[in-house]
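Worksheet for the structure shown next.
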Amino acid sequence: MTSEIKLDPDSSMWDWIIIDLRFHTKKSGMSYAAVARLLNRSYSNVSNIMAGRRKIKEEDAKKLDAHWDLGEHFTRLVRYAKRDGSKEWFREYLEYEAAASVIKAYEALAVPGLLQLPEYAAALIKELGTADAEDQVERRIARQVILSKTPPPNLYVLLSQNALNWPVGEAKVMRDQLAHLLEMAERPNVGIRVVPRSSGAHAGFDGSFSLIYGEAGDVAYTEAPGRGRLVDSPSEVREYWDRYDRIGQVALPVAPSLQLIREAMEAL
């Protein structure tokens with residue numbers, strides 16, 4: 001039998017729905033086969049839903065609500081989950097970011113948003129093919145105001161060497177962006193270190209993520225294609241802090257990092 005996917009109902013509405021489905025199925029004394037008959041679905045379809053490998057359809061949620069006399073309980077949950085959850089989580093992340101006292105970021109492919117120039121941000125966002133690209137650039141650049149507030153948060157960035165050498169936009173855009181990194185690194189509240197390719201495989205291969213410390217508590221935000229995930233579970237946040245530290249162990253010290261950025265800029 002295929003193992004069930006590990007669920008996290010505190011971070012995913014879809015996972016919450018699955019946990020709730022299991023609860024009501026057990027409470028009603030129904031088997032998965034009985035649920036399949038009720039929904040006019042195959043047993044494997046229902047089994048995959050309960051295991052977290054497939055999402056329940058709204059029409060099936062309505063049938064379960066009616067059968068279990070739950071009003072529109074599952075129907076509403078499914079409607080909510082079908083919204084762009086990554087945007088919901090990211091908005092919440094931005095609230096933490098705005099109130100942060102310390103921000104730590106590891107970026108595997110690109111310069112982090114808080115250090116991007118408008119032209120660089122535009123070149124990146126353009127490739128997403130979104131209709132509101134200009135608005136997205138403006139919102140991203142507007143976030144950078146937190147670095148100038150009093151007192152500003154401390155921003156510590158671990159940046160993959162790939163972000164320095166992978167061209168984004170025209171040569172001038174990339175050159176200006178690297179020069180901006182050097183300028184920002186002169187601020188007492190900004191630290192930038194580079195993870196060189198010579199370090200080989202390391203703890204950052206799972207992808208980019210950010211960590212925030214502030215009065216509201218510690219959170220992490222991790223990105224993935226098509227979605228993002230805000231993490232506020234203390235145990236999981238500690239795992240991200242540990243991963244950040246392990247990436248830091250293979251990163252260059254500050255002076256060699258800035259020299260590497262300078263060399264990449266001069267090569268353009």
Side-chain angles (χ1 to χ4, degrees), residues 11 84-125 128 130 132-160 163-164 168 173 176-195 204 207-224 227-234 236-238 240-241 243-245 247-248 251 254 257-258 261:
S11 298
D84 191 348
S86 63
K87 292 182 179 179
E88 295 296 325
W89 289 123
F90 192 63
R91 275 196 288 269
E92 188 175 351
Y93 167 79
L94 293 181
E95 293 176 4
Y96 280 101
E97 182 182 78
S101 56
V102 177
I103 301 172
K104 293 187 175 184
Y106 166 67
E107 286 291 341
L109 297 173
V111 172
L114 288 176
L115 296 177
Q116 291 179 8
L117 288 175
E119 295 79 10
Y120 182 93
L124 282 176
I125 293 174
L128 298 177
T130 55
D132 61 341
E134 291 185 5
D135 290 341
Q136 286 194 39
V137 172
E138 290 181 5
R139 290 194 295 269
R140 181 170 299 183
I141 300 305
R143 289 166 49 199
Q144 298 174 5
V145 69
I146 67 170
L147 297 178
S148 300
K149 69 179 184 179
T150 305
N154 290 318
L155 174 63
Y156 303 110
V157 175
L158 295 176
L159 191 62
S160 169
L164 307 181
V168 174
V173 170
D176 289 347
Q177 178 61 69
L178 295 177
H180 183 64
L181 288 180
L182 294 173
E183 180 181 345
M184 293 299 294
E186 295 178 359
R187 296 191 181 191
N189 62 309
V190 177
I192 302 174
R193 295 170 61 204
V194 176
V195 181
S208 305
F209 62 93
S210 300
L211 289 155
I212 287 180
Y213 173 80
E215 292 184 0
D218 296 2
V219 296
Y221 181 81
T222 180
E223 298 179 355
R227 65 172 295 185
R229 178 170 175 259
L230 184 68
V231 178
D232 57 7
S233 165
E236 283 194 84
V237 172
R238 283 195 296 271
Y240 279 98
W241 282 91
R243 187 187 302 178
Y244 185 91
D245 288 342
I247 298 171
V254 173
S257 293
L258 299 184
I261 296 174

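Nothing fancy with the numbering, it's 1 onward along the sequence.
- Counting heavy atoms from C-beta on, the side chains of Trp241 and Leu211 come closer than 4.5 Å.
- For Ala121 against Gln116, the heavy-atom pair with the smallest separation is CB-OE1, 3.3 Å.
- With Lys104 contributing its side chain and Leu158 its backbone, the two residues share no donor-acceptor pair below 3.5 Å.
- In plain terms, the two heavy atoms of Pro153 and Ala100 that are nearest each other are CB-O, 3.4 Å.
- Side chain of Asp218 to backbone of Tyr213: no donor-acceptor contact under 3.5 angstrom is found.
- Remark: the backbone N or O of Ala122 is not paired with any side-chain donor or acceptor of Gln136 at under 3.5 angstrom.
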Side chain to side chain contact (heavy atoms under 4.5 Å, CB included) assessment of Val190 paired with Asn154: CA-CA 6 Å; Val190 177; Asn154 290 318; over 6 Å; no
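- The backbone N or O of Leu115 lies less than 3.5 Å from a partner atom in the side chain of Gln177, making a donor-acceptor pair.
- Taking each heavy atom of Ala123 and Val168 in turn, the nearest pair found is CB-CG1, 3.7 Å.
- When every heavy atom of Tyr156 is checked against every heavy atom of Tyr244, the shortest pair comes out as O-OH, 3.2 Å.
- Here Leu117 contributes atom CG and Arg140 contributes atom CZ; the two are 12.5 Å apart, rounded to the nearest 0.5 Å.
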Assess the residue pair Arg193 and Leu159 against the criterion (side chain to side chain contact (heavy atoms under 4.5 Å, CB included)); give the C-alpha distance rounded to whole Å, side-chain angles, the decisive distance to 0.1 Å, and a yes or no. CA-CA 6 Å; Arg193 295 170 61 204; Leu159 191 62; over 6 Å; no
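- With Ser208 contributing its side chain and Ala108 its backbone, the two residues share a donor-acceptor pair below 3.5 Å.
- For Tyr120 (side chain) and Val111 (main-chain N/O), a donor-acceptor pair under 3.5 Å exists by modelled atom type.
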Can you check side chain to side chain contact (heavy atoms under 4.5 Å, CB included) on Val102 and Ile212, steps first, answer last? CA-CA 6 Å; Val102 177; Ile212 287 180; over 6 Å; no
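- Scanning all heavy atoms of the two residues, the minimum distance from Ala185 to Leu258 falls at CB-CD2, 3.7 Å.
- Between Leu114 and the options Ile141, Leu155, Val145, a side-chain contact (heavy atoms from CB on, under 4.5 Å) holds for only Leu155.
- To the nearest 0.5 Å, atom CG of residue Leu147 and atom CZ of residue Arg187 are 6.0 Å apart.
- A 4.5 Å side-chain heavy-atom check between Glu119 and Asp176 finds every atom pair outside the cut-off.
- A cation-pi arrangement is not found for Arg243 relative to Tyr106, the charged atom failing to lie both closer than 6.0 Å to the ring centre and inside a 45° cone about the ring normal.
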Side chain to side chain contact (heavy atoms under 4.5 Å, CB included) for Ile247 and Phe209? Distances and angles first, verdict last. CA-CA 12 Å; Ile247 298 171; Phe209 62 93; 3.9 Å; yes
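- Of all the heavy atoms in Ile146 and Ala98, the pair that sits closest is CG2-CA, 4.0 Å.
- Residues Glu134 and Pro118 form no side-chain contact, since every pair of their non-hydrogen atoms from C-beta on lies 4.5 Å or further apart.
- Once rounded to the nearest 0.5 Å, the distance linking OH of Tyr96 with CD1 of Ile103 reads 14.0 Å.
- When the shell of 6.0 Å around CG of Leu109 is examined, it contains 12 or fewer heavy atoms from other residues, nucleotides or ligands.
- Annotation: the span from Leu178 atom CG to Glu183 atom CD amounts to 13.0 Å, rounded to 0.5 Å.
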